[in-house]
Amino acid sequence: MHINQEASNTKGAPTLDVILVSTVLTFSLSITIIMCGICQWCQRKLGKRYKNSLETAGTPDSTRGIRSEKKTLKLQTGGKSTSTSGVPGHAQPEDPDRKTDQHASVSDLVNSLTSEMLMLSPGSDEEDGHESSGREKLGRIQFSVGYNFQESTLTVKILKAQELPAKDFSGTSDPFVKIYLLPDKKNKLETKVKRKNLNPHWNETFLFEGFPYEKVVQRVLYLQVLDYDRFSRNDPIGEVSIPLNKTDLTQMQPLWKELKPCSDGSGSRGELLLSLCYNPSANSIIVNIIKARNLKAMDIGGTSDPYVKVWLMNKDKRVEKKKTVVMKRCLNPIFNESFIFDIPTERLRETTIIITVMDKDRLSRNDVIGKIYLSWKSGPGEVKHWKDMISHPRTAVAQWHQLKA
């Protein structure tokens with residue numbers, strides 16, 4: 001009777017093996033829960049924290065150059081402008097860099113992402129409404145023009161400009177104005193260069209003396225705004241043409257005119273198709289030079305030998321250069337060459353990629369066919385491509401770009 005009772009108690013109590021197994025399972029489950037809270041792999045897979053990082057890195061700064069005060073007095077003699085020094089305009093400093101947290105993704109998640117290519121063209125339906133107008137805004141210029149009948153002198157005053165586009169990779173421009181009386185292009189006058197200013201004030205006066213009124217009304221006042229470049233050819237910004245026979249020359253009334261694209265060949269340099277692929281986990285951008293079409297003929301035989309140079313710029317410094325092979329005697333070349341550039345996420349906002357299509361010349365200096373500046377602070381088409389690249393990580397985003405002088 002005593003033996004049966006002891007056996008009954010042994011059957012109802014848990015054995016030592018069961019207790020050990022339960023302890024191990026409980027400990028393993030606790031470790032798994034703690035590691036999951038630390039890892040947060042699920043959140044990265046859903047893209048929550050990563051999305052916030054991309055939005056911060058891809059948002060352009062809204063600062064622009066502030067207009068300088070008008071403190072310049074001009075004196076004019078003999079058709080040339082002489083002036084006292086004015087206070088140069090200063091561009092408003094940019095905000096401090098917005099550094100973003102970078103979260104490395106798991107390799108299987110990277111492999112599962114799509115590698116499709118988004119084909120976008122300037123002016124397509126996929127663009128935002130304010131960018132679909134087709135024409136890039138080039139700013140405007142204020143000037144006045146009048147005629148002195150007693151002295152037979154035409155007077156042109158270049159006052160100021162507003163909202164000029166940034167032509168330099170530093171996000172600003174060094175504008176100046178050339179003045180012609182068409183059809184004469186040999187004789188021209190120029191304003192001073194305003195350094196790093198998108199809203200320059202010139203307030204300079206120019207005289208065309210000994211000009212009979214009968215000849216003045218047969219001329220066209222042509223103003224061309226350019227960006228001064230110390231080491232290469234000046235970049236055209238925009239132009240204005242004013243037929244003087246349709247202008248009231250009796251009063252020097254200030255006039256505002258919207259700048260139009262320059263017609264000196266800058267619009268007929270051809271187009272380039274390229275793709276950008278941003279990989280945040282690898283801190284890199286892949287630039288794929290795909291093909292070009294309708295390139296400008298630079299050689300005497302009516303053709304070109306094009307190749308493409310790709311410069312990676314950080315602020316005002318050249319970091320790295322790569323180039324494609326030369327395509328002999330071809331105005332519609334197909335390159336299909338890719339280049340990888342290492343760019344940390346926190347440097348995206350101060351990075352510019354300069355694409356230059358060149359014509360190879362064996363006997364003389366190579367000619368520039370056209371350029372493209374890619375960053376978040378370039379022209380509307382370039383900025384859109386940059387934003388699309390950031391908002392579609394690990395995806396090759398392709399777009400056609402007009403080559404510019």
Side-chain angles (χ1 to χ4, degrees), residues 60 62-72 74 81 83 86-92 122-123 128-146 155-168 171-182 188-206 220-229 234-244 246-249 251-264 266-267 373 377-383 402 404-405:
S62 61
T63 58
R64 317 183 78 163
I66 60 175
R67 291 183 292 176
S68 61
E69 296 294 332
K70 183 172 66 175
K71 297 182 180 179
T72 307
K74 306 302 174 184
S81 68
S83 62
V87 178
H90 298 280
Q92 187 174 354
D128 297 336
H130 67 279
E131 294 177 351
S132 60
S133 58
R135 177 182 295 180
E136 178 182 355
K137 290 187 177 181
L138 303 175
R140 58 178 186 160
I141 186 172
Q142 187 184 46
F143 63 95
S144 62
V145 57
T155 302
V156 178
K157 290 184 179 181
I158 305 299
L159 301 175
K160 58 185 176 181
Q162 291 181 350
E163 300 178 350
L164 298 180
K167 288 293 185 178
D168 299 336
T172 183
S173 293
D174 303 320
F176 70 101
V177 183
K178 288 184 179 181
I179 306 166
Y180 299 87
L181 287 181
L182 300 181
K188 69 177 184 296
L189 299 173
E190 297 181 0
T191 67
K192 294 181 178 179
V193 177
K194 296 298 182 179
R195 300 285 183 177
K196 297 182 179 181
N197 201 326
L198 301 181
N199 299 278
H201 283 236
W202 288 287
N203 292 324
E204 296 187 40
T205 301
F206 302 87
V220 174
L221 176 63
Y222 176 74
L223 307 179
Q224 185 183 38
V225 183
L226 300 101
D227 170 51
Y228 174 77
D229 198 322
N234 300 326
D235 296 326
I237 295 179
E239 65 180 21
V240 171
S241 297
I242 305 96
L244 295 181
K246 299 180 181 179
T247 305
D248 183 8
L249 301 178
Q251 299 180 3
M252 295 284 295
Q253 292 292 338
L255 301 174
W256 279 107
K257 292 291 183 180
E258 296 290 331
L259 293 174
K260 299 179 180 180
C262 294
S263 58
D264 58 347
S266 60
Y373 292 83
K377 52 192 176 184
S378 304
E382 293 82 355
V383 170
Q402 284 279 354
K404 300 178 181 179

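- Atom CG of Leu223 and atom OH of Tyr180 lie 11.0 Å apart (nearest 0.5 Å).
- Residues Glu190 and Phe206 form no side-chain contact, since every pair of their non-hydrogen atoms from C-beta on lies 4.5 Å or further apart.
- Taking the side chain as every heavy atom from C-beta outward, Val225 and Val177 approach each other to under 4.5 Å.
- Between Val145 and Ile242 there is no side-chain heavy-atom pair separated by less than 4.5 Å.
- In this view, Leu255 and Phe143 satisfy the side-chain contact (heavy atoms from CB on, under 4.5 Å) rule, not counting sequence neighbours.
- A heavy-atom distance below 4.5 Å is found between the side chains of Asp174 and Lys196.
- Put simply, NZ on Lys157 and CD on Gln142 are 11.5 Å apart, with the number rounded to the nearest 0.5 Å.
- Side-chain contact between Tyr222 and Lys178: absent, with no pair of heavy atoms (C-beta onward) separated by less than 4.5 Å.
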Evaluate Leu221 against Leu181 for side-chain contact (heavy atoms from CB on, under 4.5 Å), listing each step before the verdict. CA-CA 5 Å; Leu221 176 63; Leu181 287 181; 4.0 Å; yes

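- Annotation: side chain of Thr172 is not in contact with side chain of Asn197 (no heavy-atom distance under 4.5 Å).
- In plain terms, the two heavy atoms of Leu138 and Leu164 that are nearest each other are O-CD2, 3.7 Å.
- Heavy-atom neighbours of Lys257 NZ from other residues, nucleotides or ligands within 6.0 Å: at or below the threshold of 12.
- For the pair Leu159/Ile141, no side-chain contact is recorded, criterion being any heavy-atom separation below 4.5 Å from C-beta on.
- Taking 4.5 Å as the limit, every side-chain heavy atom of Val156 sits out of range of all side-chain heavy atoms of Thr205.
- Residues forming a ring pair (Phe, Tyr, Trp, His ring centres under 6.0 Å) with Phe176 (at least two apart in sequence, or on another chain): none.
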